[in-house]
Amino acid sequence: MWRCSTQTQTNLKVRFNMKKQFSIVIAGGGSTFTPGIVMMLLENQERFPIRQLKFYDNFAERQEVVAKACQILLKERAPHIEFSYTTDPKEAFTDVDFCMAHIRAGLYAMREQDEKIPLKHGCVGQETCGAGGIAYGLRSIPAVIELIDYMEKYSPNAWMLNYSNPAAIVAEACRVMRPNSKVLNIL
């Protein structure tokens, strides 16, 4: 059990007032995993209220398919949440509290190459380690850094929850390249 002064308790209650509703951008909005993220957010509305949800992706056609499905889901389960999707970074990252990043630089076509090319050379073909992981990391790092830069430019108080693969490579690059950024990486 932790203890603190009454004033500190009051400050914490004000700072972490869960009556606040949050604005979230999901970077990688065109991913087939995005509906699962939306479901998780909706299941936790009582603990983490949302006022606005945005999808951001650089693949407009794919994102539109996922967004239209999620739009129906949101209309049925949480019509109070303002929803939008875009390929414009300024629109996506303006007025957000959190960015949930789960991008796949190169999509599945490059994942296939990350797995097959090492195998041709007698190495492990895997997307998160070995030669394939390094190739995937070299594509992912600039893309994730770009997302951090957008977030910091348009919503400087926002936090990023990054779970883009290869997780360890991307996390270390974020730590080195953007050491003062508000980024939580999975490992």
Closest approach of [X] and [Y], non-hydrogen atoms and distance?
X: I37; Y: M100; result: CG2-CE, 3.8 Å
X: C70; Y: V38; result: SG-CG2, 4.0 Å
X: G29; Y: D57; result: N-OD2, 3.4 Å
X: Y136; Y: P166; result: CD2-CD, 3.5 Å
X: P89; Y: T87; result: CD-O, 3.4 Å
X: M151; Y: K182; result: CE-O, 3.8 Å

Problem set entry | Residues K54, E91; criterion side-chain contact (heavy atoms from CB on, under 4.5 Å); working and verdict | CA-CA 9 Å; K54 303 178 188 184; E91 186 180 336; 5.6 Å; no
Does the side chain of [Y] come within less than 4.5 Å of [X]'s, by heavy atoms?
X: P35; Y: L73; answer: no
X: E152; Y: S181; answer: yes
X: I148; Y: M177; answer: no

Taking the side chain from [X] and the backbone from [Y], do they hold a donor-acceptor pair closer than 3.5 Å?
X: S140; Y: N165; value: yes
X: Q63; Y: Y56; value: yes
X: T34; Y: G28; value: yes

For this session: Go through L74 and L42 one step at a time and tell me if the side-chain contact (heavy atoms from CB on, under 4.5 Å) criterion holds.
Result: CA-CA 8 Å; L74 287 163; L42 292 177; 3.8 Å; yes
Spell out, yes or no, whether [X] and [Y] are grouped together once hydrophobic residues are joined by side-chain heavy atoms under 4.5 Å, including indirect joins.
X: I169; Y: L138; answer: no
X: V183; Y: Y154; answer: yes
X: I24; Y: L147; answer: no
X: F98; Y: I103; answer: no
X: L184; Y: V170; answer: no

Rounded to the nearest 0.5 Å, how far apart are [atom1] of [X] and [atom2] of [Y]?
X: D97; Y: F48; atom1: CG; atom2: CZ; value: 7.5 Å
X: R175; Y: E172; atom1: CZ; atom2: CD; value: 4.0 Å
X: L53; Y: S84; atom1: CG; atom2: OG; value: 8.0 Å
X: K116; Y: K120; atom1: NZ; atom2: NZ; value: 8.0 Å
X: N44; Y: M39; atom1: CG; atom2: CE; value: 11.5 Å
X: Y85; Y: Q71; atom1: OH; atom2: CD; value: 6.0 Å

Exercise. Is it the case that S164 and N162 place a side-chain donor and acceptor less than 3.5 Å from each other?
Worked result: yes
For this session: Mind telling me whether F93 and Y150 have parallel, tilted or perpendicular rings, with 30° and 60° as the class edges?
Result: tilted
For this session: Carefully, step by step, assess I145 and R178 under the rule side-chain contact (heavy atoms from CB on, under 4.5 Å).
Result: CA-CA 8 Å; I145 295 299; R178 296 296 185 272; 3.3 Å; yes
Exercise. Given the rule in the side-chain contact (heavy atoms from CB on, under 4.5 Å) test, do D114 and R139 qualify, once you have shown the distances and angles that lead to the verdict?
Worked result: CA-CA 11 Å; D114 292 341; R139 284 193 315 278; 2.6 Å; yes
Exercise. Taking the six-membered ring for Trp, are the ring centroids of F33 and Y163 within less than 6.0 Å of each other?
Worked result: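 Between F33 and Y163, the centre distance exceeds or equals 6.0 Å.
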Exercise. Can we say D95 and R51 salt-bridge, meaning some charged N sits less than 4.0 Å from an Asp/Glu carboxylate O?
Worked result: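 A salt bridge is present here (some side-chain N lies under 4.0 Å from a carboxylate O).
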